[in-house]
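So that we are looking at the same thing, I have put the structure below in C-alpha cells.
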Amino acid sequence: MGAAMGLRPLPSSAQQTPRRGGTFRLAIPDFDSADTLDPQLNETRFMMALQYQLRNCLIEVGPRGELVPELATEWDTNADLTEWTFKLRQGVEFHNAKTMTAEDVVFSLNLHRGPNTISEIKSLMAIVTDITATTADEVRVTLAAPNAGFASLMSLSNLLIVPADDREFGKGIGTGGYTLESYEPGIGSRTVRFPNYWKEGRAHFDEAETRCIADVNARTTALQTGQIDAMGGVDTATAMLLSAMPGINLLQTKGKQHYAFSVDCKDPRFADTNVRMALKLAIDRQEMLDKILSGYGSIANDQPLSDAYPFHHPELPQHAYDPDQARALLRKAGAEGLVIPLHVAETPFSGATDMAQLYAEQASQAGITVEIRREPDDGYWSNVWGKRPMFATNWTGRISEDVMLTLAYSRESIGSWNETNWDNDAFNTALTAARGEKDEQKRKELYWECQSLIAEDGGMIAPLWADFLDAVSDKIGHGELARDWELDGVRAAERWWFTA
C-alpha cells in the first residue's frame with residue numbers, strides 16, 4: 001500500500017564531493033529569548049537549525065520534497081491506513097555513547113501525546129492511539145482513523161529522536177552530526193562535529209556557530225566583512241545589490257512561504273465573514289509584490305498551499321483589489337468605518353512593517369483605518385503572534401497538505417498553531433475525509449475544497465508567496481537546495497561545506 005501511494009522513501013539526489021573542515025558561521029533572524037532545546041517546543045528557525053545539528057528524525061525531507069530515510073530505513077502501512085511500521089537504522093550512536101533502539105523512538109514520539117504534553121504538534125499526534133516497539137529495531141504506530149500521509153509527520157522538526165527517559169533536553173543529546181558546546185537563547189550556539197556520526201557525506205564542518213542577529217543590515221554587514229559565512233532573511237530591497245557584490249552569492253529558492261496578516265475570527269470585529277473578505281479585497285497584491293518583495297515572489301490568494309504542493313488548487317478564483325466591493329461588504333456586516341489595530345515587527349519577515357504601512361494606505365480606500373502597532377522583535381512569537389486581534393505572520397509551509405492544514409486551520413489546533421481561531425465545520429469534515437481517502441483524484445478534490453473554504457471564509461490575509469532569499473560566501477558549496485524552509489531546509493550546517 002505504501003509503495004502504491006508513493007509513500008516509499010526516495011533516494012536523495014547526488015551531490016558534489018564535499019570538502020571537510022573549518023568553522024561555519026551562520027546568522028539567523030528568527031529567534032526568541034524563550035527558545036529551548038525541548039523538542040516539544042521547537043518554534044523558531046534558530047532552534048530548528050540548532051536541533052538539526054544535534055538530532056535526527058526518522059525521516060528527512062529531500063530537495064524536491066521527497067521523503068528520505070533518516071533514522072528509519074523504510075516504512076509501510078496496512079491496507080486501511082491505520083497502522084504504520086517503521087524499520088530503524090541499526091548501530092546508530094547517541095552523543096552519550098548509547099546505541100539507539102526502538103525504545104528511544106517510542107519515548108521520543110510519546111513526548112507529543114497525552115494530556116500532559118506541551119508539544120506544538122499535539123493536534124497532529126492526537127490521531128495516534130498506540131506506539132509499540134515490536135522489536136529492537138522496529139516501531140509500530142496505531143491510529144484511530146486512516147491517514148494516508150502519516151509517515152510524512154516523522155520528518156517534522158519536533159519529532160526528533162532523543163534518549164529514552166532522559167528529559168534533560170538542554171544537554172542537546174541526540175544522534176546528529178554535531179555535539180553541543182554552548183547555547184544561549186537569543187544569542188547563539190556553538191557545536192562541534194560528532195566523530196561517530198552515522199550519516200556518510202554529511203556534517204562536513206569541524207564546528208558550527210549559529211548567531212541570532214535580528215537586524216537585516218547587521219547581518220548583511222557581517223557577511224560583507226567576513227564575520228559570517230551565510231545568512232538567512234535577505235532584504236528584498238537590497239538583494240540585487242548584494243548579489244552583485246564580489247565574494248557573495250544570493251540563493252533564491254521558490255517554495256511554500258507566504259507572508260500574511262491574520263485576524264482572530266473569535267474577535268467581534270472579525271467574526272463576520274463579510275468583514276474578513278473585505279480585508280482581503282482591500283489589499284493591492286501587485287503593488288505589494290513590486291514594493292515589498294521587489295519581484296522575489298508571486299501573488300498569493302489567502303490560502304496556504306502554493307504550487308509546490310501536489311494538490312495546489314490552480315483554478316481558485318483570484319482575489320483582486322476592489323475597495324468598492326470591500327466597502328459594500330463592510331456595510332452589509334454593519335462595520336462601516338472599521339478601525340483595526342495591526343501588530344507588527346520585523347521578526348515574522350523582513351519588510352513586515354513596510355507591508356503593514358502599505359496595506360494601511362490601500363485599505364483606507366475602502367474606508368478601513370489600520371492602526372499600526374509596532375512590537376519588539378524579541379518575544380514576538382510568544383507575546384504577539386496568535387495573541388493579538390490582528391498581526392503579521394509568516395508561514396514557510398509544511399511537508400504535506402494535511403500537516404499544513406491541520407496545524408494552522410483545524411479545530412484540533414485551536415489554542416496552539418491555529419493562529420486565527422478559525423473553526424469551520426465543512427473544512428474540518430473535508431480535511432478528515434482527505435486523510436483517509438486512498439483515491440488520489442478524490443483526495444485532490446477534498447484538498448481543493450479545503451483551500452476554497454480558507455480563501456473565502458478564513459482569517460488569513462495572504463497576498464504574497466515569498467521566495468526564500470539567503471546569502472552566502474562564495475566559498476560555500478552545496479547541492480540542490482530544499483524548498484520546504486530557507487537555508488536548505490534549515491540544515492545548512494549538515495549539508496553544506498567550504499570549497500576553499
Side-chain angles (χ1 to χ4, degrees), residues 10 12-13 15 26 28-30 42-46 48-49 52 57 59-68 149 152-153 155-157 230-236 239 243 249-260 285 288-289 292-314 316 348-352 355 392-409 417 447 451 454 460 462-472 478-496:
L10 300 176
S12 58
S13 60
Q15 296 183 350
L26 170 66
I28 291 182
D30 181 32
N42 197 14
E43 293 187 7
T44 67
R45 224 68 78 239
F46 168 75
M48 289 180 64
Y52 280 143
C57 297
I59 297 174
E60 181 179 351
V61 181
R64 295 171 301 281
E66 71 272 25
L67 301 183
V68 177
S152 67
L153 269 62
S155 68
L156 296 179
S157 60
M231 61 174 277
V234 171
D235 185 354
T236 56
S243 66
N249 293 329
L250 183 69
L251 306 182
Q252 179 182 2
T253 311
K254 294 184 179 297
K256 304 171 181 178
Q257 180 172 225
H258 45 291
Y259 291 171
R285 296 157 198 269
M288 286 282 179
L289 178 63
I292 303 303
L293 292 186
S294 302
Y296 289 104
S298 57
I299 290 174
N301 200 21
D302 307 315
Q303 63 87 16
L305 302 183
S306 72
D307 59 9
Y309 289 93
F311 297 118
H312 163 72
H313 190 346
L316 194 65
F349 54 90
S350 179
M355 183 166 145
T393 189
N394 170 20
W395 285 87
T396 52
R398 292 298 187 271
I399 179 60
S400 69
E401 290 85 352
D402 181 65
V403 173
M404 181 71 243
L405 298 177
T406 300
L407 274 180
Y409 301 95
W417 284 96
Y447 283 132
Q451 292 168 72
I454 295 172
M460 182 182 70
L464 301 173
W465 302 113
D467 296 343
F468 293 125
L469 286 179
D470 307 316
V472 302
H478 58 82
E480 183 181 357
L481 297 174
R483 300 177 64 191
D484 53 335
W485 303 92
E486 64 268 44
L487 295 166
D488 205 357
V490 207
R491 289 178 179 256
E494 184 187 57
R495 294 176 175 174
W496 296 359

> Can you check whether Pro304 reaches Ile454 side chain to side chain, under 4.5 Å on heavy atoms?
Replying inline: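 A side-chain contact exists here, since the closest heavy-atom pair is under 4.5 Å.
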> About how many Å separate CZ of Phe46 and CD1 of Ile28, when rounded to the nearest 0.5 Å?
Replying inline: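 If I round to the nearest 0.5 Å, the distance is 7.0 Å.
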>> Met288 vs Tyr259, test: side chain to side chain contact (heavy atoms under 4.5 Å, CB included). Steps then yes/no.
In response: CA-CA 11 Å; Met288 286 282 179; Tyr259 291 171; over 6 Å; no
> Quick check: does any side chain N or O of Asp484 sit under 3.5 Å from a backbone N or O of Ile399, one acting as donor and the other as acceptor?
Replying inline: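 Judged by distance alone, no pair lies under 3.5 Å.
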> Please walk me through it: do Trp465 and Trp395 pass ring-ring contact (aromatic ring centres under 6.0 Å, His included)?
Replying inline: CA-CA 10 Å; Trp465 302 113; Trp395 285 87; over 10 Å; no
> Yes or no on side chain to side chain contact (heavy atoms under 4.5 Å, CB included) for Met231 and Val472, after CA distance, side-chain angles and deciding distance?
Replying inline: CA-CA 6 Å; Met231 61 174 277; Val472 302; over 6 Å; no
> With distance as the sole test, does Gln451 use its side chain to make a donor-acceptor pair with the main-chain N or O of Phe311 at under 3.5 Å?
Replying inline: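 Judged by distance alone, yes, a pair lies under 3.5 Å.
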> Which value, rounded to the nearest 0.5 Å, describes the distance between Trp417 atom CH2 and Thr406 atom OG1?
Replying inline: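 Taking CH2 in Trp417 and OG1 in Thr406, the distance rounds to 14.0 Å.
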> Does Cys57 offer a backbone N or O that forms a donor-acceptor pair with the side chain of Ser155 under 3.5 Å?
Replying inline: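 Here the side-chain-to-backbone pair does not exist.
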>> Given 3.5 Å as the limit, does a donor-acceptor pair link the side chain of Tyr309 with the main chain of Arg398, or not?
In response: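 Yes, Tyr309 side chain to Arg398 backbone: donor-acceptor pair under 3.5 Å.
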> Below 4.5 Å, heavy atoms only, C-beta onward: do Tyr296 and Val234 meet side chain to side chain?
Replying inline: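 Tyr296 vs Val234: side chains apart.
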>> Could you tell me if the side chain of Met404 sits less than 4.5 Å from the side chain of Lys256, heavy atoms only?
In response: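 Lys256 vs Met404: side chains apart.
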> Picking from Asp402, Val61, Val403, Ile59, what satisfies side-chain contact (heavy atoms from CB on, under 4.5 Å) with Ser152?
Replying inline: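 For Ser152, the side-chain contact (heavy atoms from CB on, under 4.5 Å) check succeeds only for Val403.
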> So, does Asp30 use its side chain to make a donor-acceptor pair with the main chain of Arg45 at under 3.5 Å?
Replying inline: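 Yes: the side chain of Asp30 pairs with the backbone of Arg45.
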> So do Leu487 and Trp496 actually touch side chain to side chain, heavy atoms under 4.5 Å?
Replying inline: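 Result yes, sub-4.5 Å side-chain heavy-atom pair found.
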>> Side chains of Asp467 and Gln257 only: does a donor on one sit below 3.5 Å from an acceptor on the other?
In response: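 Per modelled atom types, Asp467 and Gln257 side chains form no pair under 3.5 Å.
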> Ignoring hydrogens and geometry, is there a side-chain-to-backbone donor-acceptor pair from His312 to Leu305 under 3.5 Å?
Replying inline: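 Answer holds: yes.
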> Any sub-3.5 Å donor-acceptor pair from Asp488's side-chain atoms to Ala482's backbone N or O?
Replying inline: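 Looks like yes, one N/O pair under 3.5 Å.
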> For the atom pair CG (Leu481) and CG (Asp470), what is the distance rounded to the nearest 0.5 Å?
Replying inline: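 Reported to 0.5 Å precision, the distance equals 8.0 Å.
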> In Å and rounded to the nearest 0.5 Å, what is the CD1 to CZ distance from Ile292 to Phe349?
Replying inline: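 The CZ atom of Phe349 is 8.0 Å from CD1 of Ile292, to the nearest 0.5 Å.
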>> Using side-chain heavy atoms (C-beta onward) and a distance below 4.5 Å, is Phe468 in contact with Gln252?
In response: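 No, their side chains stay 4.5 Å or more apart.
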> Is there side-chain contact between Ser157 and Asn42, with heavy atoms separated by less than 4.5 Å?
Replying inline: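 Counting from C-beta outward, Ser157 and Asn42 do come under 4.5 Å.
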>> Tell me if a side-chain donor or acceptor on Gln303 pairs with a main-chain N or O of Asn301 at a distance below 3.5 Å.
In response: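 It does not hold such a pair.
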> Are any of the side-chain heavy atoms of Asp302 and Arg285 separated by less than 4.5 Å?
Replying inline: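 Yes. Closest side-chain heavy atoms under 4.5 Å.
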>> Does any part of the side chain of His478, heavy atoms only, come nearer than 4.5 Å to the side chain of Leu251, both counted from C-beta?
In response: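 The answer is yes; the side chains approach within 4.5 Å.
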>> Whether Glu60 and Arg495 form a salt bridge (side-chain N of Lys/Arg under 4.0 Å from carboxylate O of Asp/Glu) is what I want to check.
In response: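 Salt bridge flag = yes for Glu60 with Arg495.
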